[in-house]
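Order of the sequence lines sets the chain letters (A, B, ...), proteins ahead of strands, with each chain counted from 1.
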There are 4 protein chains.
Amino acid sequence: MVEQQQQVEQPRRGRPRSETARKGILGATAKLLLSQGLASVSMDEVAEHAGVSKATIYRWWPTKESLALEALLDEWDTSPSSPRDTGSLRGDLLALIRPWTRRLRARPYGRVIAALITEAQTDPEFGAVYRARFVERRREPARALFRRAIERAEIPAETDVEIALDLIFGPIYHRLLHGHAPLTDRFVEAAVDSALAGFVAARSKT
Amino acid sequence: MVEQQQQVEQPRRGRPRSETARKGILGATAKLLLSQGLASVSMDEVAEHAGVSKATIYRWWPTKESLALEALLDEWDTSPSSPRDTGSLRGDLLALIRPWTRRLRARPYGRVIAALITEAQTDPEFGAVYRARFVERRREPARALFRRAIERAEIPAETDVEIALDLIFGPIYHRLLHGHAPLTDRFVEAAVDSALAGFVAARSKT
Amino acid sequence: MVEQQQQVEQPRRGRPRSETARKGILGATAKLLLSQGLASVSMDEVAEHAGVSKATIYRWWPTKESLALEALLDEWDTSPSSPRDTGSLRGDLLALIRPWTRRLRARPYGRVIAALITEAQTDPEFGAVYRARFVERRREPARALFRRAIERAEIPAETDVEIALDLIFGPIYHRLLHGHAPLTDRFVEAAVDSALAGFVAARSKT
Amino acid sequence: MVEQQQQVEQPRRGRPRSETARKGILGATAKLLLSQGLASVSMDEVAEHAGVSKATIYRWWPTKESLALEALLDEWDTSPSSPRDTGSLRGDLLALIRPWTRRLRARPYGRVIAALITEAQTDPEFGAVYRARFVERRREPARALFRRAIERAEIPAETDVEIALDLIFGPIYHRLLHGHAPLTDRFVEAAVDSALAGFVAARSKT
DNA sequence: CGGTAATCGAGACGGTACGTCATGTCTTACA
DNA sequence: TGTAAGACATGACGTACCGTCTCGATTACCG
């Protein structure tokens, strides 16, 4: 019984927020983002495509970037997919990450993500939101897998999980963002294997 | 018998390009970039700080991003420093990469690099230049180290060097850009070790 | 049964146009025009003096010239003053034209009018507006006087009124624009007398 | 005899001025002026069409307007045409003015002249040159005709010739510049007749 | 015949204004 | 109170032209 989403259906006064408008805005934003990239999308354009007033957008999202972040999350996670237990950390990680990278390379997400990272670098507040809602969304499930692997003594308890996560996600983001080489399944496996090999090696030293 | 880039001292017609202006523009740009980030730097501002006309900037650089790229390179690499031979691939790589990452975290380069990556995602032409001049500048020396290690049979000849490079640079860029954790020397060593452990493991399997 | 210009109080949607801004723009423009001449007035300057954004100016006036035209009309004619009947065509014409020329020489209008004429020569669309709103504003009342004089048989019915108008206004504009000699009351009278003498002469020939 | 062009063939040092360049510049300017109007002609454009450097133009003409004025005079007056004596002032005036107005309406001179007048209003120095070289070029011959008519007692000696000239040229410039009605031969005759009728009328009063 | 000096081409430069565009705020009337 | 419509201030954009400048090359004369 976690989370206890208090939020007691407090009966708001005045006209309620239009759900149609909300969906229209997020949908139009996602569509425009993927076809043009964030910089080329203007708020006027979003408003027009969503059949909505610009003021309505600004009432609910403070900046274009925060709107883009939510639109991307909304477009992305219809089904957050809880990964099943494959028996090994390697298998669990691949079951988690491979579908994600496949999705990533299916459409030009890299362009939008790069723009969000840029904004995150500039606006610390947005950076916090970006990391919490976007990065951690993949990182936390992976972290859980590591914890489970430690519990069942598959990997050493001293393992620095945060570093391990960076060793896996780092190369993936690298290819996604720099585009110097394709983000293939094989590459994902190499990243996972290498990160895990590090622990094996570390352990064998011990 | 290499190309002997003669560059036939062809006596240029017309007024020669002002070297003062060029340096002023690059200097002002670098300074402003590091203090404000690319998005907040306006061309008017650069022109004013450089004591130069905006038209002069646009005559030589087509976009703010291309100017930023060159300014960053100019500010960065006075001497690209050829790394000495430490005897081992691990030592060579650390000798190459550690000073670079120290430089990276000394000033807010991550913010600017993120913006350049964003532009590289949007403008393919700029992307090619960015990768050739910025990414390869570190990647190629590292690649050379791997080749040398293969020659002296320190690592297997079948090693996929490109993947290895991504396994090293990926995590570093990841922390630089996402800023979720600091880019410490220890982290750099972990990345290098992990990438190399991959080969050792691969070899031991054989 | 005239047109009954109903103008159905149609409740405009959206934020209404700012009357403050409109007046500020026209006022600032008129002031700057008369002190500097049209060429030296920049849109930025008008915007600043009017406490208004440049975009707001361009929303309502397509060019600097069209703005200048309206500003001049606005500054000029608060009350177009219907001339009284003096009993003779000559008297009526002088009553109409003399105050106008006095106004003309009171401030450097000639400079601005010359610029408007130049633009009218270049942009036919503007030319049509210029003639309709600026030239005809004086010409039509004068034309009416001629019609009345014909009705009461003061001048021949065959009189080519358009030519007559040019014979009066031509010399006045000539001195206004070329500035080779002053635009005195005496000169205005000479122009009117000469134009009328032509008809008398023509009639006496008959 | 006349004009005594002093300018004593003083043997200049250095490379002499290129006559080819001078003609090229004036020719290109005149051609561009008539096809585009002064405002749309840029000095770079003139330089390119004339196969000449911009610096060369500025060496000999201080402003675009002064260049335009000279180009127009150059293009215009191949033969200044001394008008013959027709026996009457009216005939003499028409012989002088009619060919001029025919030329005026043959090509879009009005547009250029309007621009020159505008500049003359702004820059007094240019205004003086404009009047001396352009306006007086037609006005002085006409003035001479009036003087001759006075000498032979065709018109009263008290005639205010300057006003008379304005009564003739004013209407012509009016139609040329405003373009509200065509500058026909008939109109020119009406202007001349009206101006002369004024004297007759004035005389008959006496 | 070599030196001096003005001119020429090419084209880079500082400066100024242009007209457009996007952001985020606001003011209406309507729901 | 939420919304569509749309005007608004702000400020940067990238372009265009002006008039000046700095080169090297050319073309006269003068000694």
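With B/Gln121 contributing its side chain and A/Leu177 its backbone, the two residues share a donor-acceptor pair below 3.5 Å.
Computed from coordinates, the D/Trp60 CH2 to F/dG19 P distance equals 18 Å when rounded to whole Å. If you measure from atom CG of D/Asp123 to atom P of F/dG19, you get 11 Å, rounded to the nearest angstrom. Put simply, CD on C/Glu45 is 9 Å from P on E/dC18, counting in whole angstrom units. Distance A/Met43 CE to E/dT25 C1': 13 Å, rounded to the nearest Å.
Residue order along DNA chain F, read from the 5' end via each residue's closest nucleotide, puts C/Val52 first among C/Val52 and B/Asp44. Of the two residues near DNA chain F, C/Ala21 and D/Tyr58, the one whose nearest nucleotide lies more 5' is C/Ala21.
Taking only side-chain nitrogens and oxygens, D/Arg17 never comes nearer than 4.0 Å to OP1 or OP2 of E/dA6.
In this structure, B/Val46 reaches neither bases nor backbone, as no heavy-atom distance under 4.0 Å exists between it and the strands shown. As judged by a 4.0 angstrom heavy-atom cut-off over every strand, D/Thr63 is placed among residues making no nucleic acid contact. If you check every strand for non-hydrogen atoms under 4.0 Å, C/Trp61 touches nothing. Residue-level contact check: A/Ala47 touches neither bases nor backbone, having no heavy atom under 4.0 Å from any strand. Backbone-only contact: A/Lys64 has heavy atoms under 4.0 Å from sugar-phosphate atoms and none from a base.
With hydrogens and angles left out, the side chain of D/Lys54 and the base of F/dG19 share a donor-acceptor pair within 3.5 Å. Judged by distance alone, with hydrogens and angles left aside, B/Thr56 brings no side-chain donor or acceptor close enough to the base of E/dA12 to form a pair under 3.5 Å. Not a single donor-acceptor contact under 3.5 angstrom links the side-chain atoms of C/Arg15 to the base of E/dT28.
Between C/Pro108 and C/Leu34, the shortest heavy-atom distance links the atoms CG-O, 3.1 Å.
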